[in-house]
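Chain naming here is simple, since letters A, B, ... match the order of the sequence lines and numbering starts at 1 in each.
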There are 2 protein chains.
Amino acid sequence: MNQAEVDPTQLLKGVLDLAVLAVLAEADSYGYDVVRRLRENGLDHVGDASVYGTLRRLYQAGALNSYVVPSDEGPHRKYYGLNNRGRKALDQSAQTWVSLSKALNHLLNGRSNGHGK
Amino acid sequence: MNQAEVDPTQLLKGVLDLAVLAVLAEADSYGYDVVRRLRENGLDHVGDASVYGTLRRLYQAGALNSYVVPSDEGPHRKYYGLNNRGRKALDQSAQTWVSLSKALNHLLNGRSNGHGK
DNA sequence: AGTGCAACACCGCATTGCAGAGTAGTGAAA
DNA sequence: TTTCACTACTCTGCAATGCGGTGTTGCACT
């Protein structure tokens, strides 16, 4: 059961996975920074613990690889980056997300349209 | 704490609430039918128990009113419909949803655009 | 009539994700 | 030294999802 793929049912509550994956796709980074970037991008209320948890989960699922970069200006930083598996997972999750988002948006706008399909 | 309003953190996993609310906004209906409609609209993997649970939760939160319609073709049907509170909740949730969805979509497309306005 | 099935409602349990709070360690500023 | 901004991580509680099961009421078959 260490598939990196998300099963659709999980996406309902696992939007964070997708977000983290997306951020990591732009550039490798470490937990603290991921949180910062997520918040800068509109996900302002994500708890850091959630992100760390997500990171760990993703890592254990084999979607990420990580390496420690010692810093001379503070504690070490544990970078995470997408690997093939991760990119695939991102791709798939993104797709699922798009359908979900489309379905939802359709539902939300559906009251003003004249004829359904 | 029985506010019908969703706090943003909940939306991450509570997309179902919004979906159910939206379906109910189109027309009153009963659990079994809600599931059917949800599935027809792309939310194909929602479990019926989840929907019943959501319905009950929403009802207890005061967002829905319900009435039983005896059916001559089977057991009675327990209809649910939005009340003012429900509409407000839908409205608010929808808004939160839109921001979230925007943020996510931005993240997902962010790699190919030069500068977001 | 009896059996079985489909439509319908609902519950309990286990799993899992998310968040809050707390621990810990480093380097720089006060 | 105390404090603070960074950085990582753990424990724990809560709430939501889903599965499987239970029960009911008609209808179609046999």
Side-chain angles (χ1 to χ4, degrees), chain A residues 1-3 6-21 28-39 43-61 64 66-80 93 96 100, chain B residues 1-21 28-39 43-61 64 66-80 93 96 100:
Chain A
M1 248 141 294
N2 39 13
Q3 293 274 12
V6 289
D7 77 328
T9 58
Q10 236 47 36
L11 210 168
L12 291 177
K13 45 178 164 182
V15 191
L16 232 201
D17 289 33
L18 180 54
V20 168
L21 249 15
D28 290 17
S29 79
Y30 48 98
Y32 204 80
D33 185 55
V34 171
V35 175
R36 196 184 303 138
R37 286 212 257 156
L38 246 21
R39 294 203 172 132
L43 289 308
D44 22 3
H45 35 279
V46 287
D48 55 307
S50 310
V51 173
Y52 281 111
T54 301
L55 248 14
R56 196 182 324 129
R57 223 181 314 121
L58 252 21
Y59 178 73
Q60 280 174 3
L64 308 178
S66 77
Y67 46 95
V68 172
V69 175
S71 158
D72 40 317
E73 296 246 339
H76 66 280
R77 293 167 174 171
K78 195 165 186 178
Y79 276 79
Y80 288 95
S93 297
T96 313
L100 177 68
Chain B
M1 237 75 34
N2 39 13
Q3 292 276 11
E5 298 146 28
V6 289
D7 78 328
T9 58
Q10 236 45 35
L11 210 169
L12 290 177
K13 42 178 166 182
V15 191
L16 231 202
D17 289 34
L18 179 55
V20 169
L21 249 15
D28 291 17
S29 78
Y30 50 97
Y32 206 80
D33 185 55
V34 171
V35 175
R36 196 184 302 135
R37 286 213 257 155
L38 246 22
R39 295 203 171 133
L43 289 307
D44 23 3
H45 34 277
V46 288
D48 54 308
S50 309
V51 173
Y52 281 112
T54 301
L55 248 14
R56 200 181 322 130
R57 222 182 315 124
L58 252 20
Y59 177 72
Q60 280 174 4
L64 308 178
S66 77
Y67 46 95
V68 172
V69 175
S71 156
D72 40 317
E73 296 246 339
H76 66 280
R77 291 167 174 170
K78 197 164 185 179
Y79 276 79
Y80 289 94
S93 297
T96 314
L100 177 67

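The CG-P distance, from Leu55(A) to dT7(D), rounds to 14 Å in whole Å. For the pair Arg57(B) CZ and dC10(C) P, the interatomic distance rounds to 14 Å; values are reported in whole Å. In this structure, His45(B) places its NE2 atom 15 Å from C1' of dA16(D), rounding to the nearest Å. We find that CZ of Arg39(B) is positioned 12 Å from P of dA7(C), with the value rounded to whole Å. Regarding Leu16(B), its CG atom lies at a distance of 17 Å from the P atom of dA15(D), rounded to whole Å. If you take CZ of Arg37(A) and P of dT7(D), they are 12 Å apart, rounded to a whole angstrom. With rounding to whole Å, Asp44(A) atom CG is found 11 Å from dA19(C) atom P. For the pair Asp17(A) CG and dT17(D) P, the computed distance is 16 Å after rounding to whole Å.
Within 4.0 Å (heavy atoms only), Thr54(A) reaches sugar-phosphate atoms of the nucleic acid but no base atom.
A distance of 6.5 Å separates CG of Leu100(A) from NE2 of His45(B), quoted to the nearest 0.5 Å. Leu16(A) CG to Leu38(A) CG: the interatomic distance, rounded to the nearest 0.5 Å, is 6.5 Å.
No side-chain donor-acceptor contact under 3.5 Å links Ser50(B) to the backbone of Val46(B).
The aromatic rings of Tyr80(B) and Tyr59(B) sit perpendicular to each other, their planes meeting at more than 60°, with 30° as the lower class boundary.
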Polar atom pairs between nucleotides 8-10 of chain D and protein, under 3.5 Å, N or O only, would you list them?
{"from": "dA8(D)", "atom 1": "OP1", "to": "Lys78(A)", "atom 2": "N", "distance (Å)": "2.6"}
{"from": "dA8(D)", "atom 1": "OP2", "to": "Gly31(A)", "atom 2": "N", "distance (Å)": "3.4"}
{"from": "dA8(D)", "atom 1": "OP2", "to": "Tyr32(A)", "atom 2": "N", "distance (Å)": "2.9"}
{"from": "dA8(D)", "atom 1": "OP2", "to": "Tyr52(A)", "atom 2": "OH", "distance (Å)": "3.2"}
{"from": "dC9(D)", "atom 1": "OP1", "to": "Lys78(A)", "atom 2": "NZ", "distance (Å)": "2.6"}
{"from": "dC9(D)", "atom 1": "N4", "to": "Asp48(A)", "atom 2": "OD2", "distance (Å)": "3.4"}
{"from": "dT10(D)", "atom 1": "OP2", "to": "Arg56(A)", "atom 2": "NH2", "distance (Å)": "3.3"}

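Residues Val51(B) and Ser71(B) each lie close to DNA chain D; by heavy-atom proximity, the contact nearer the 5' end of the strand is made by Val51(B).
With sequence neighbours left out, the salt bridge (charged side-chain N to carboxylate O under 4.0 Å, His left out) criterion links Arg56(A) to no other residue.
For the pair Arg36(B) and dA7(C), the criterion of a side-chain N or O lying under 4.0 Å from OP1 or OP2 is not met.
Arg77(A) and Asp33(A) are not joined by a salt bridge, as no carboxylate oxygen comes within less than 4.0 angstrom of a charged side-chain nitrogen.
Across all non-hydrogen atoms, the minimal contact from Tyr79(A) to Val69(A) is CD1-CG2, 3.5 Å.
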